[in-house]
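Because only heavy atoms are used, hydrogens play no part in the values below, and waters and symmetry mates are left out as well, while side chains stay in. Every value quoted in this text rests on a predicted model; they were computed, and no experiment measured them.
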Amino acid sequence: MEQKDLELKADVENLPCDESMKEIVGEYVTEKAKSYNGEKFVMMTRDEAVAWLDSIDASADKRAVILQAFDTRIVFTEDHKVETWMKIPEGIPQEQIDAAIASGELGEVKDGRFCPEPPKEWKAVNGKYYYDTGEKREMFGENISSWDEVKLVDGLMEYGGGLIVLKKI
C-alpha cells in the first residue's frame, strides 16, 4: 500500500462521504471464502469447500463453521449501514429463538436470519468505498484506522480484508 493510500485510509473517518456513489448498495452472498486446507490458506467456493471437507472426513462442527460463511448475507444499505445476516442454525426451537430475542442475546431476526452484531458504517471517499470494521487497531504502538477498503473487481466485492469475495444478488 502506498503512503498516500495509508494517509487517506487513516483520514477516512473524518472525510466527507461522496453521496453520489451508491454502486455498493445491495445484498451480497459469499462467492469465495479464504480457509486453511491443511497446507495453506486458499480461496474456495462453496462447492470446493464441501469437496475438501468430504475429502478430510470433517466433523459436523468443522463443516458448520466453514460453511457458515457461505450462508451469511452482507447488506449495504442506502443509509450507509453494513448489516451482517447469518442463517439461524437448523433444529433450534422457535421458543429458544424467541427467548434469545427477548433477552437481547439476538438482535433483529427476519427470514430465518439474525444480525450477530450492530450494523457498521460504510462511505465513499475519493472514488473508493470503505467500511468501519469497528476494530481497535494498533501498529508499532500507534492507533491505526478501523476503516477497510471495499474493492469492486469484475462484478465481485473483496470484503473483510480479502478473506471473502461477495457477489451481489
message: Would Glu117 and Lys120 count as a salt bridge (Lys or Arg N to Asp or Glu O under 4.0 Å) here? Give the steps.
response: CA-CA 9 Å; Glu117 59 192 9; Lys120 295 177 167 93; 2.5 Å; yes
message: For Arg137 and Asn143: C-alpha separation, side-chain torsions, deciding distance, then whether side-chain contact (heavy atoms from CB on, under 4.5 Å) applies.
response: CA-CA 6 Å; Arg137 297 175 172 171; Asn143 289 336; over 6 Å; no
- prompt: Where the side chain of Ser146 meets the backbone of Asp132, is there a donor-acceptor pair that is under 3.5 Å apart?
  reply: no
message: Less than 4.0 angstrom from a charged side-chain N to a carboxylate O is my criterion; do Lys128 and Asp18 meet it?
response: no
task: For Asp79 and Thr77, test the side chains for any donor-to-acceptor distance below 3.5 angstrom and give the result as yes or no.
output: yes
query: Does Lys123 reach the main-chain N or O of Tyr131 with its side chain, forming a donor-acceptor pair under 3.5 Å?
result: no
- prompt: Would the number of heavy atoms belonging to other residues, nucleotides or ligands and lying under 6.0 Å from NZ of Lys168 be above 12?
  reply: yes
field: Leu152 CG to Ile24 CD1 distance, which is reported to the nearest 0.5 Å
entry: 5.5 Å
query: If you measure from CD1 on Ile74 to CD on Glu83, what distance do you get to the nearest 0.5 Å?
result: 10.0 Å
- request: Following the transitive rule for hydrophobic clusters with a side-chain heavy-atom cut-off under 4.5 Å over Ile, Leu, Val, Met, Phe, Trp and Tyr, establish whether Met157 and Trp122 coincide in one cluster.
  value: yes
message: Could you report the tightest heavy-atom contact between Gly38 and Trp52, atom names first, then the distance?
response: N-CZ2, 4.2 Å
task: Flag this pair as yes if the NZ/CZ of Lys110 is under 6.0 angstrom from the six-membered ring centre of Trp85 and inside a 45 degree cone about the axis; otherwise no.
output: yes
message: For a quick test of reading the model, state the closest non-hydrogen atom pair linking Gly161 to Asp148 and the distance between them.
response: N-OD2, 4.1 Å
message: If you count every heavy atom of other residues, nucleotides or ligands that lies below 6.0 Å from Lys151 atom NZ, does the total exceed 12?
response: no
field: Heavy-atom pair of closest approach, residues Met43 and Glu48
entry: O-OE1, 4.0 Å
task: Establish whether Tyr129 and Val25 are linked, either directly or via other cluster members, by ILVMFWY side-chain heavy-atom contacts under 4.5 Å.
output: yes
task: Find the distance between NZ (Lys40) and OG (Ser35) and round it off to the nearest 0.5 Å.
output: 13.0 Å
field: For the student: nearest non-hydrogen atoms of Thr30 and Ala69, plus distance
entry: OG1-O, 2.7 Å
- request: Using modelled atom types only, decide if a donor and an acceptor are shared between the side chain of Arg113 and the backbone of Asp71 within a distance under 3.5 Å.
  value: yes
- prompt: When Ile, Leu, Val, Met, Phe, Trp and Tyr are grouped by side-chain heavy atoms lying under 4.5 Å apart, directly or through other members, which residues fall in the same group as Tyr36?
  reply: Phe41
task: Go through the steps to decide whether Arg63 and Asp54 satisfy the test side-chain contact (heavy atoms from CB on, under 4.5 Å), and finish with yes or no.
output: CA-CA 9 Å; Arg63 275 183 181 290; Asp54 288 346; 2.2 Å; yes
field: Heavy atoms from other residues, nucleotides or ligands near CD of Glu105 exceed 12 (cutoff 6.0 Å)
entry: no
query: His80 side chain to Glu121 main-chain N or O, any donor-acceptor pair under 3.5 Å?
result: no
task: Check the surroundings of atom CD in Glu19: do more than 12 heavy atoms from other residues, nucleotides or ligands lie under 6.0 Å from it?
output: yes
query: When you look at Lys87 and Thr72, which way does the side-chain contact (heavy atoms from CB on, under 4.5 Å) test go after all the steps?
result: CA-CA 6 Å; Lys87 189 175 178 183; Thr72 299; over 6 Å; no
- request: Look up atom CG in Asn37 and atom NZ in Lys34, then write down how far apart they are to the nearest 0.5 Å.
  value: 12.0 Å
message: Applying a strict under-4.5 Å side-chain criterion to I, L, V, M, F, W and Y, I'd like to know whether Phe114 and Ile101 cluster together.
response: yes
field: Under 3.5 Å: donor-acceptor pair, side chain of Thr133, backbone of Glu135
entry: yes
message: Which residues pass the ring pair (Phe, Tyr, Trp, His ring centres under 6.0 Å) test with Tyr28, not counting sequence neighbours?
response: Phe76
field: Tyr130 side chain vs Glu13 backbone, donor-acceptor pair below 3.5 Å
entry: no
task: Begin from the C-alpha positions of Leu166 and Val29 and carry the test side-chain contact (heavy atoms from CB on, under 4.5 Å) through to its verdict.
output: CA-CA 5 Å; Leu166 302 171; Val29 294; over 6 Å; no
For Ile66 against Ala49, the heavy-atom pair lying closest together: CG2-CB, 4.3 Å
- prompt: Hey, does the side chain of Glu142 reach the backbone of Met139 with a donor-acceptor pair shorter than 3.5 angstrom?
  reply: no
field: Lys167 and Asp154: CA distance, side-chain angles, deciding distance, salt bridge (Lys or Arg N to Asp or Glu O under 4.0 Å) verdict
entry: CA-CA 10 Å; Lys167 177 179 160 184; Asp154 298 327; over 6 Å; no
Same apolar cluster (I L V M F W Y, side chains within < 4.5 Å links), Ile164/Met44: no
- prompt: With a 4.0 Å cut-off, would you call Arg73 and Asp111 a salt bridge?
  reply: no
message: Quick check on the hydrophobic clustering: are Met21 and Val150 connected, directly or via other members, by side-chain heavy-atom contacts under 4.5 Å?
response: yes
